[in-house]
Number of protein chains: 2
Amino acid sequence: MVTVASRIRLEDRECPLSTTVEHVGEWWTLLILHDAFDGYTRFDQFQENLGISSSMLTTRLKTLVTDGLLERRPYQTNPVRHEYVLTDLGRSLRPVIVALAAWGNSRLEPHERSMILVDAESGEEVQPVVVDARTGRRLDDSHAYVFAAGPAASDAMRGRYAHRRPVPVPVAPTAGT
Amino acid sequence: MVTVASRIRLEDRECPLSTTVEHVGEWWTLLILHDAFDGYTRFDQFQENLGISSSMLTTRLKTLVTDGLLERRPYQTNPVRHEYVLTDLGRSLRPVIVALAAWGNSRLEPHERSMILVDAESGEEVQPVVVDARTGRRLDDSHAYVFAAGPAASDAMRGRYAHRRPVPVPVAPTAGT
DNA sequence: CAGTATCCTGTCCGATACTG
DNA sequence: CAGTATCGGACAGGATACTG
C-alpha cells in the first residue's frame with residue numbers, strides 16, 4: 001500500500017533495513033540529504049553541488065517531501081520561491097549518513113580523506129562509531145551482538161532467527177581476497 | 001575506469017558517502033550482507049531468506065566477491081560447492097547495517113519491532129547510536145558536529161564547505177509535515 | 001531563479017528455462 | 001543443490017527544451 005513501491009516490493013517486508021533503504025535507497029536521496037545537513041536549502045544549490053539534472057532533482061525532492069524528510073516552504077513571495085529544509089524525521093537520518101560516510105573514510109588513510117566530520121567548535125575530526133547507548137560498548141564487528149526476532153516478528157522472521165547457531169558470524173580465515 | 005560504473009558516475013566523486021553507496025547501493029547487496037551477518041553462507045539460504053531470484057543473487061554475490069566484501073570458498077569437493085563468508089572488509093560494514101536498521105526501528109514503537117539487535121549473551125535489546133569514539137558524545141542530529149573538507153579535498157569539495165554559515169543545519173520550525 | 005515536460009538509455013530485477 | 005543464460009519490464013537518471 002506504499003505509494004511509490006520501488007522496484008522490488010519492499011512493502012511486504014518487515015525488515016527495518018528494508019524500511020530505511022526504501023527511503024534512502026536512491027543514490028541521490030542520500031546525497032541531497034547530505035547537502036541539507038551541510039546547510040543547503042535551495043534548488044540551485046543542490047543542483048550545483050551534486051551535478052544532478054534538474055528533472056531528477058525535482059523528482060527526488062518531491063519524494064523527500066512526500067516521505068516527510070524535507071519540508072518545502074516558501075521563502076519569498078513576489079515570485080514564489082521555495083526552500084527545502086530538514087524535518088525532524090529527516091534530521092534523524094543523520095547518524096545513518098554519518099555511518100555511511102565513516103565507512104567510506106575508514107578505507108582511506110587520514111590524509112587521503114576529502115570529507116570529514118568535525119567538531120563544530122574545535123574543528124577537530126571526530127571518529128564516528130556505533131555503540132550501544134546503554135553500555136557504551138562498540139557494536140562494530142564483534143560477535144557480541146546479533147540480530148534477533150523482535151516482538152512483532154512474523155513467523156518468517158522468527159524462522160530466520162531460529163537457526164542461531166554457536167557461530168554467529170562466519171568469517172573468512174584471512175583478510176580479503 | 002571503475003569496472004561496474006553504476007548508473008551515475010560515482011567514480012569521479014570523492015565523497016566518502018558515494019564510495020559507500022557504490023558498494024552497498026544496490027538493495028540486495030545490503031540484504032545479502034545482512035544475511036551473512038546472521039550467519040548464513042549458502043546460496044539457497046540467501047535465496048530462501050530474501051526471496052531473490054537466482055540470477056540476481058548470482059550477480060550480486062559476484063559483485064560482493066569482486067568488491068572484497070564476501071569470500072567465495074569451497075566447502076565440499078565431490079561436486080564442488082561454495083559458500084560465501086564475510087571478509088574483514090565485509091564485516092566492517094556491520095555498523096552501517098546496524099545504523100540503517102536502527103533508523104527503521106526508531107520509527108516504530110518497541111513492541112512493533114520485528115527485528116532487533118540484541119546482546120548475544122543476555123539477549124537484551126541494544127540501542128545502537130552513533131557517537132564520537134574519542135569523547136563518547138552522540139552525533140545524532142545535534143549541530144555540534146558538521147562535515148568539513150578533509151586534507152585530500154579537491155577545490156570543489158573545499159568550495160562546498162566554504163559557505164559554513166552560522167546556522168549549520170536549517171530545520172523546519174515545527175515537526176514534520 | 002526554480003522548476004516542468006519529454007525523450008532516451010542503462011540497468012536492476014523477476015520469471016523462466018536450463019545444467020552438472 | 002548451486003548455479004548460468006536469456007528475456008522482458010520498470011524505472012532511475014541524463015539531456016534537452018521550455019516556462020514564469
Side-chain angles (χ1 to χ4, degrees), chain A residues 2-13 18 21-32 35 40-67 70-85, chain B residues 2-13 18 21-32 35 40-67 70-85:
Chain A
V2 168
T3 49
V4 285
S6 311
R7 46 189 161 223
I8 55 177
R9 285 113 341 98
L10 290 176
E11 333 84 63
D12 54 353
R13 298 179 179 282
S18 306
V21 170
E22 206 166 333
H23 286 277
V24 300
E26 269 84 53
W27 308 60
W28 286 127
T29 302
L30 238 359
L31 301 181
I32 291 169
D35 258 44
Y40 295 104
T41 59
R42 311 247 293 254
F43 195 91
D44 67 326
Q45 293 174 330
F46 295 133
Q47 202 175 2
E48 167 153 6
N49 283 334
L50 303 175
I52 187 176
S53 65
S54 60
S55 56
M56 197 76 259
L57 182 54
T58 299
T59 309
R60 293 275 73 89
L61 285 175
K62 261 183 194 144
T63 311
L64 282 164
V65 170
T66 302
D67 286 2
L70 290 183
E71 182 183 329
R72 171 186 158 111
R73 66 171 184 214
Y75 68 92
Q76 94 176 22
T77 43
N78 201 343
V80 66
R81 294 275 181 266
H82 299 92
E83 63 183 349
Y84 301 85
V85 293
Chain B
V2 168
T3 49
V4 287
S6 310
R7 45 188 164 229
I8 54 177
R9 289 123 325 107
L10 290 176
E11 333 85 64
D12 53 352
R13 297 178 178 282
S18 306
V21 169
E22 206 168 333
H23 286 276
V24 300
E26 269 82 54
W27 308 61
W28 287 125
T29 302
L30 238 359
L31 301 181
I32 292 169
D35 258 45
Y40 294 104
T41 59
R42 311 246 294 255
F43 195 91
D44 66 326
Q45 292 174 332
F46 295 133
Q47 201 176 0
E48 167 153 8
N49 283 334
L50 303 175
I52 186 177
S53 64
S54 59
S55 56
M56 198 73 252
L57 181 53
T58 299
T59 309
R60 292 275 75 88
L61 284 175
K62 262 181 194 146
T63 311
L64 283 164
V65 169
T66 302
D67 286 1
L70 289 182
E71 182 184 330
R72 170 187 159 110
R73 67 172 182 212
Y75 69 91
Q76 92 176 24
T77 43
N78 201 343
V80 67
R81 294 274 182 268
H82 299 91
E83 62 182 351
Y84 300 85
V85 293

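By convention in this document, chain letters (A, B, ...) are assigned in the order of the sequence lines, proteins followed by strands, and residues within each chain are numbered from 1.
Note that the CZ atom of A/Phe43 and the CG atom of A/Leu57 stand 4.0 Å from one another [nearest 0.5 Å].
In this entry the distance linking CZ of A/Phe43 with P of C/dC1 reads 12 Å, nearest Å. For A/Arg60 and D/dA12, the CZ to P distance is 6 Å, given to the nearest whole Å. Between the CD atom of B/Gln47 and the P atom of D/dT4 there is a distance of 12 Å, rounded to whole Å. The CH2-C1' distance, from B/Trp27 to D/dC11, rounds to 11 Å in whole Å. Atom CG of B/Leu61 and atom P of C/dC12 are 15 Å apart (whole Å). Per the geometry, CD1 belonging to B/Ile52 stands 13 Å off C1' belonging to D/dG3, to the nearest Å. For B/Arg72 and D/dC1, the CZ to P distance is 17 Å, given to the nearest whole Å. Rounded to whole Å, the distance from CD on B/Glu22 to P on C/dC12 is 12 Å.
Here B/Lys62 does not reach the OP1 or OP2 of D/dG3: none of its side-chain N or O atoms lies under 4.0 Å away. Taking side-chain N and O atoms only, B/Ser53 has no distance below 4.0 Å to OP1 or OP2 of C/dA15. OP1 or OP2 of D/dG3 sits under 4.0 Å from a side-chain N or O of B/Tyr84. Neither OP1 nor OP2 of D/dG3 sits under 4.0 Å from any side-chain N or O of B/Arg42.
For A/Asp44, the listed nucleotide lying nearest its side chain is C/dA2; candidates were C/dA2, C/dG14, D/dG3. When distances run from any side-chain atom of A/His82 to the nucleotides D/dG13, C/dG3, D/dG20, the shortest one goes to C/dG3.
Under the 4.5 Å side-chain criterion, counting only non-hydrogen atoms from C-beta, A/Arg42 is in contact with A/Tyr75.
Stem list for DNA chain D (at least 3 consecutive Watson-Crick or G-U pairs, distances under 3.5 Å): C:1-20 with D:1-20.
Every residue two or more places apart in sequence or in another chain that forms a side chain to side chain contact (heavy atoms under 4.5 Å, CB included) with A/Val65 is listed here: A/Leu70, A/Arg72, A/Tyr84. In terms of the side chain to side chain contact (heavy atoms under 4.5 Å, CB included) criterion, residue partners of B/Ser55 (sequence neighbours excluded) are, by chain and number, B/Ser53.
Side-chain atoms of B/Ser54 come within donor-acceptor range of the base of D/dT4, with a qualifying N/O pair under 3.5 Å.
Of all heavy-atom pairs spanning A/Asp35 and A/Gln45, the tightest one is OD2-O, 4.0 Å.
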Query raised in the report: How far apart are the C-alpha atoms of B/Thr29 and B/Thr63, what are their side-chain angles, what is the distance that settles it, and do they pass the side-chain contact (heavy atoms from CB on, under 4.5 Å) test?
Result: CA-CA 9 Å; B/Thr29 302; B/Thr63 311; 5.8 Å; no
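DNA chain D is contacted by both B/Ser55 and B/Val80; B/Val80 maps to the nucleotide lying nearer its 5′ end (nearest heavy atom per residue).
Using a 4.0 Å heavy-atom criterion, one finds that A/Tyr75 contacts the sugar-phosphate atoms exclusively.
Not one N or O on the side chain of A/Glu22 forms a donor-acceptor pair closer than 3.5 Å with the backbone of A/Gly25.
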